[in-house]
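Okay, so here's the structure we're looking at.
Within every chain, numbering begins at 1; the chains are lettered A, B, ... in the order of the sequence lines, protein sequences first and strands thereafter.
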Amino acid sequence: MFYEFLREATLQFVLKEYGLQLTTDQVPVQKTRKEFSGDFTIVVFGIAKSILKQPEIFAKELGLWLQYHFSDNVSDFNIIKGFLNISIKAERWIEYLLDVVDNERYGFREIDSDHPVLIEFSSPNTNKPLHLGHIRNNLLGHSLSEILKANGHRVVRLNLVNDRGIHICKSMLAWQRWSNGETPESTGKKGDHFVGEFYVLFNKHYQEEIRILTESGLTPEDAEAKSTLMADARQMLRLWENGDPKVRSLWQMMNSWVYDGFDRTYKRMGIKFEQTDYESNTYLLGKDIVADGVNRGKLIKKEDGSVWADLRTLNLDEKLLLRSDGTSVYMTQDIGTACSRYEKYQPKQMVYVVGNEQNYHFDVLKKVLALLGFGWSEKLFHLSYGMVELPQGKMKSREGTVVDADELMDEMFETARKTTTELGKTDDFTHDELNHLYNILGMGALGYFILKVDPRKTMLFDPQESIDFNGNTGPFIQYTHARIRSVWRKAIEAGWSISSLGELITIAPGALPNKEKELLRLIYEFPGIVKEAGSNLSPATVANFVYELAKEYNQFYHEFSILHEKNTELAKFRLALSVLTARIIKSSMQLLGIEVPERM
RNA sequence: GGUCCGGUAGCUCAGCUGGAUAGAGCAGCAGCCUUCUAAGCUGCGGGUCGUGGGUUCGAAUCCCGCCCGGAUCACCA
């Protein structure tokens with residue numbers, strides 16, 4: 001609103017005075033930096049140059065003109081080193097506040113489209129439990145979904161479970177051989193962890209077998225070829241593909257254990273999906289499309305029967321799509337699922353939240369789809385995120401350095417419990433209330449820790465130092481919310497009767513103090529932040545903003561009294577501003593998939 | 001080797017579609033709770049923004065070279 005106004009007005013001035021038609025993006029307007037006076041800064045250098053004026057002189061002309069022609073909006077201006085800082089009239093600020101203060105969905109747009117945005121994330125394997133890498137994936141996917149929704153998109157969250165293949169057979173085989181019929185129920189273990197143990201067990205026995213074979217003089221390659229365990233696993237995969245009833249029922253049983261475990265983890269993270277697909281149902285998709293591509297001469301069939309896409313003119317290599325025996329590969333399946341999703345939903349965008357080790361894969365996928373003549377391949381977007389590394393480097397299951405998702409969440413819960421107990425502000429909480437609080441604090445700390453960093457960067461996680469609850473953290477922000485809600489409760493207890501926040505705003509515009517305006521200026525940025533986060537698909541943008549807001553609020557809180565303020569107009573104004581701040585904190589955290597407590 | 005991505009304070013990270021004196025947190029030091037929640041607030045110290053060039057009124061941000069780190073280039077998924 002103020003940004004648009006200043007851009008338009010500048011456009012008008014330049015056209016009128018200099019006969020030059022500019023576009024809005026040629027007029028950079030930004031929030032004035034704190035150390036200068038003013039609300040918004042028009043950066044005039046570019047314009048000054050195109051009309052051959054000195055920046056200072058042009059800025060002064062523009063400033064005077066704005067002040068004269070828009071005296072209702074512009075109260076003052078100053079020029080520092082050619083930057084034109086504009087002050088907006090206090091009346092306008094108050095008006096703006098009145099306009100938004102009772103809007104529960106401030107900053108959010110209503111869903112307005114039939115064409116959804118599809119977002120695929122999580123997509124776990126059913127042979128082992130989730131780890132820290134999956135947590136980053138899940139949190140990103142969840143947060144992005146919320147951000148897209150807030151931007152008015154209908155969102156369909158998709159989970160494509162990798163439930164078949166040789167790795168699944170390994171854990172099945174191990175269970176068959178060494179479990180003595182144990183189950184998650186009989187052992188009291190969470191299903192995904194239970195199955196994961198057998199996957200590890202397979203590898204242990206397999207390594208042992210390889211060791212013995214190599215000691216008997218075989219090369220590592222020959223040893224792998226000779227391994228009976230691996231041969232048995234492959235045999236099991238063949239049986240699975242042929243629909244062997246025994247193997248299939250074992251597979252179903254073990255997978256159901258894993259889903260049981262996953263469900264609990266997802267629930268704890270607050271994650272849901274509109275659609276869950278299983279590769280066992282989708283892995284044959286795409287074969288027809290590829291065959292059709294061969295017929296249309298888009299793809300190449302080689303002498304041995306294998307089918308390829310030639311992408312060499314696009315700076316990529318040839319890519320296999322069907323093996324010589326006619327079976328399909330990962331890429332084929334992804335072509336198929338993309339097509340069926342497109343047909344089903346007619347989406348405006350298809351987002352894949354997948355690790356950056358698959359950059360090449362998605363690059364190829366997009367180009368193969370284009371090669372096949374699907375114009376909508378442009379709608380594919382790979383949200384590529386970096387690995388989470390430990391101080392000693394990558395997580396390695398062989399070295400037992402994998403950070404397990406459930407264990408990590410347990411630790412976060414425990415830290416939350418300890419900290420909360422020490423502070424002793426929750427003595428009257430019930431058991432359930434406490435558990436809920438510990439959970440949202442623990443998840444808040446973890447979620448914020450991960451989401452505040454740029455997704456594509458490799459990030460470091462140090463389990464020793466664990467995750468802080470002070471400073472630039474989730475709990476700090478949650479705390480700020482709880483703090484404000486506490487003031488609100490005190491106001492109600494003190495007998496303030498308030499039916500809307502708007503009625504609290506009776507302050508004379510001239511009496512709008514500086515710190516309050518600082519807060520208001522930050523609040524004003526929120527809708528733009530939501531929009532920016534949406535177009536950049538960036539939870540970090542929201543995280544940075546909400547931290548700044550919480551920090552700004554805490555300074556304000558420390559410096560001024562709200563309920564004890566003698567000037568009642570000012571007291572009411574501060575309360576309204578505080579409650580609105582709490583709401584924006586809550587909304588922002590919702591965009592990050594983090595709950596916020598009323599008390600802590 | 002080809003392609004892609006990253007390199008900002010002791011550590012973890014913002015800032016990157018060019019803008020003012022590069023910011024936070026942690027760690028360290030010094031303060032602030034009889035007053036609305038101290039998971040907070042205030043202050044101090046801490047920087048060749050990997051490096052060399054270029055474009056520009058202006059470069060951490062854009063372009064080129066180089067150095068370092070990572071990912072990837074399967075008839076695996």
Worksheet, complete the sentence: By nearest-heavy-atom nucleotide on RNA chain B, the more 5' of A:Thr41 and A:Arg489 is A:Thr41
Item to complete: Kindly indicate whether the side chain of A:Leu537, heavy atoms from C-beta on, has any atom under 4.5 Å from the side chain of A:Ile147.
Response: no
Worksheet item: If you measure from the P atom in B:C64 to the same atom in B:U72, how many Å do you get, rounded?
Response: 25 Å
Discussion item. Under 4.0 Å, counting only non-hydrogen atoms across every strand here, what does A:Lys81 touch: a base, just sugar-phosphate, or nothing?
Written reply: sugar-phosphate
Worksheet item: When the ring centroid of A:Phe469 is compared with that of A:Tyr479, is the distance short of 6.0 Å?
Response: no
Worksheet item: Stacking check: are the rings of A:Phe36 and B:A20 less than 5.5 Å apart at their centres and under 30 degrees in tilt?
Response: yes
Fill in: Spacing of A:Leu390 atom CG relative to B:G70 atom P, expressed in whole Å
15 Å
Worksheet entry | Nearest-Å distance once atom P is located in both B:G46 and B:A24 | 14 Å
Worksheet item: Quick one: is the NZ or CZ of A:Lys302 closer than 6.0 Å to the six-membered ring centre of A:Trp308, and within 45° of its axis?
Response: yes
Worksheet item: Are A:Phe121 and A:Tyr352 close enough that their ring centers fall under 6.0 Å?
Response: no
Worksheet entry | Value in whole Å for how far the C1' atom of B:A24 lies from CG of A:Asp468 | 13 Å
Fill in: Distance between C1' atoms of B:A14 and B:G7 (Å, rounded)
15 Å
Worksheet item: Side chains of A:Ser306 and A:Arg323: does their closest heavy-atom pair fall under 4.5 Å?
Response: no
Item to complete: Using atom CH2 of A:Trp488 as one end and atom C1' of B:U37 as the other, report the distance to the nearest whole Å.
Response: 18 Å
Discussion item. Are the side chains of A:Asn159 and A:Val161 in contact, using a 4.5 Å heavy-atom criterion?
Written reply: yes
Worksheet entry | Atom pair distance, as rounded to whole Å: CD in A:Gln30 and C1' in B:U61 | 13 Å
Item to complete: Send over the distance from A:Lys31 NZ to B:G19 C1', rounded to a whole Å.
Response: 16 Å
Worksheet item: With sugar-phosphate meaning primed atoms plus P, OP1 and OP2, does A:Leu316 contact a base, only sugar-phosphate, or nothing at under 4.0 Å between heavy atoms?
Response: nothing
Fill in: Nearest-Å distance for atom pair CG/C1', residues A:Leu84 and B:G19
14 Å
Discussion item. Under 4.0 Å, heavy atoms only, any strand: does A:Ser384 hit a base, just the sugar-phosphate, or nothing?
Written reply: nothing
Practice prompt. Output the distance between atom OH (A:Tyr330) and atom NE2 (A:His361), rounded to the nearest 0.5 Å.
Written response: 4.0 Å
Practice prompt. Return yes when atom CG of A:Asp325 has more than 12 non-hydrogen atoms of other residues, nucleotides or ligands closer than 6.0 Å, and no otherwise.
Written response: yes
Worksheet item: Does the side chain to side chain donor-acceptor pair (under 3.5 Å) test come out yes or no for A:Asn435 and A:Arg417, once each step is laid out?
Response: CA-CA 8 Å; A:Asn435 274 341; A:Arg417 192 191 63 74; over 6 Å; no
Worksheet, complete the sentence: Sorted by chain and number, sequence neighbours left out, salt bridge (Lys or Arg N to Asp or Glu O under 4.0 Å) with A:Arg485 holds for A:Glu598
Discussion item. Can you tell me whether the base of B:C33 sits syn or anti, using the 90° cut around 0 to define syn?
Written reply: syn
Item to complete: Please report, rounded to the nearest Å, how far the P atom of B:A38 is from the CE atom of A:Met600.
Response: 12 Å
Practice prompt. Write down the distance separating the C1' atoms in B:U48 and B:A60, rounded off to the nearest Å.
Written response: 13 Å
Item to complete: Name the nucleic acid region contacted by A:Phe556, choosing base, sugar-phosphate or nothing; use a 4.0 angstrom heavy-atom cut-off, strictly under.
Response: nothing
Worksheet entry | Nearest-angstrom distance, P atom, B:A59 to B:A27 | 36 Å
Discussion item. Say we look at B:U61 and B:G6: how far apart would their P atoms be, to the nearest angstrom?
Written reply: 13 Å
Worksheet item: A:Glu433 and A:Tyr438: side chain to side chain donor-acceptor pair (under 3.5 Å), yes or no, with the steps?
Response: CA-CA 9 Å; A:Glu433 284 170 343; A:Tyr438 301 155; over 6 Å; no
Fill in: Interatomic distance where NE2 belongs to A:His564 and C1' belongs to B:U37 [whole Å]
12 Å
Worksheet item: Dot-bracket for RNA chain B: what is it, with Watson-Crick or G-U pairs under 3.5 Å, [ ] where a pair crosses earlier ones, and | for a pair to another strand?
Response: (((((((..((((.....[...)))).(((((.......))))).....(((((..]....))))))))))))....
Atom pairs under 3.5 Å: protein N/O with N/O of nucleotides 57-59 of chain B:
{"from": "B:C57", "atom 1": "OP1", "to": "A:Lys49", "atom 2": "NZ", "distance (Å)": "3.0"}

Worksheet item: Yes or no on side-chain contact (heavy atoms from CB on, under 4.5 Å) for A:Lys128 and A:Val195, after CA distance, side-chain angles and deciding distance?
Response: CA-CA 6 Å; A:Lys128 51 189 171 195; A:Val195 171; over 6 Å; no
Fill in: Any side-chain donor near an acceptor of the partner, A:Thr419 and A:Glu422, under 3.5 Å
no
Item to complete: Quick one: do A:Tyr553 and A:Ser578 satisfy side-chain contact (heavy atoms from CB on, under 4.5 Å)? Show the steps, please.
Response: CA-CA 8 Å; A:Tyr553 183 83; A:Ser578 297; 2.8 Å; yes
Worksheet item: Checking all strands, does A:Thr327 fall into the base, sugar-phosphate, or nothing category for heavy-atom contacts under 4.0 angstrom?
Response: nothing
Please enumerate all protein N or O atoms sitting under 3.5 Å from an N or O of nucleotides 73-77 of chain B, with distances to 0.1 Å.
{"from": "B:C75", "atom 1": "O2", "to": "A:Ser324", "atom 2": "N", "distance (Å)": "3.2"}
{"from": "B:C75", "atom 1": "O2", "to": "A:Ser324", "atom 2": "OG", "distance (Å)": "3.3"}
{"from": "B:C75", "atom 1": "N3", "to": "A:Ser324", "atom 2": "OG", "distance (Å)": "3.0"}
{"from": "B:C75", "atom 1": "N4", "to": "A:Asp304", "atom 2": "OD2", "distance (Å)": "2.1"}
{"from": "B:C76", "atom 1": "OP2", "to": "A:Arg323", "atom 2": "NE", "distance (Å)": "2.4"}
{"from": "B:C76", "atom 1": "OP2", "to": "A:Arg323", "atom 2": "NH2", "distance (Å)": "2.5"}
{"from": "B:A77", "atom 1": "OP1", "to": "A:Arg323", "atom 2": "NH2", "distance (Å)": "3.1"}
{"from": "B:A77", "atom 1": "OP2", "to": "A:Tyr330", "atom 2": "N", "distance (Å)": "3.4"}
{"from": "B:A77", "atom 1": "O3'", "to": "A:Glu279", "atom 2": "OE1", "distance (Å)": "3.3"}
{"from": "B:A77", "atom 1": "O2'", "to": "A:Asn162", "atom 2": "ND2", "distance (Å)": "2.9"}

Discussion item. What contact category does A:Asn85 fall into here, base, sugar-phosphate, or nothing, at under 4.0 angstrom with non-hydrogen atoms?
Written reply: base
Fill in: Inter-nucleotide C1' distance (B:A74, B:U12), Å rounded
37 Å
Worksheet item: Hey, are A:Asp277 and A:Thr282 close enough side-chain-wise for a donor-acceptor pair under 3.5 Å?
Response: no
Discussion item. Evaluate A:Tyr385 against A:Asn137 for side chain to side chain donor-acceptor pair (under 3.5 Å), listing each step before the verdict.
Written reply: CA-CA 8 Å; A:Tyr385 64 90; A:Asn137 181 304; 3.1 Å; yes
Worksheet item: Hey, do the aromatic rings of A:Tyr199 and A:His167 have their centres closer than 6.0 Å?
Response: no
Worksheet item: Using atom C1' of each nucleotide, how far apart are B:G15 and B:C49 to the nearest Å?
Response: 11 Å
Worksheet entry | From CG (A:Asn439) to CZ (A:Phe413), nearest 0.5 Å | 6.5 Å
Worksheet item: When you check every protein heavy atom under 4.0 Å of nucleotides 5-18 of chain B, what one-letter string (B, S, -) results, 5' to 3'?
Response: -SS----SSSSB--
Discussion item. Using a 4.0 Å heavy-atom cut-off, does A:Glu493 contact any base of the nucleic acid, only the sugar-phosphate backbone, or nothing at all?
Written reply: nothing
So which protein nitrogen or oxygen atoms get under 3.5 Å of nucleotides 40-47 of chain B's nitrogens or oxygens?
{"from": "B:G40", "atom 1": "OP1", "to": "A:Gly471", "atom 2": "N", "distance (Å)": "3.0"}
{"from": "B:G40", "atom 1": "OP2", "to": "A:Asn470", "atom 2": "OD1", "distance (Å)": "3.2"}
{"from": "B:G40", "atom 1": "O2'", "to": "A:Arg483", "atom 2": "NH1", "distance (Å)": "2.9"}
{"from": "B:C41", "atom 1": "O2'", "to": "A:His558", "atom 2": "ND1", "distance (Å)": "2.8"}
{"from": "B:U42", "atom 1": "OP1", "to": "A:Gln555", "atom 2": "NE2", "distance (Å)": "3.1"}

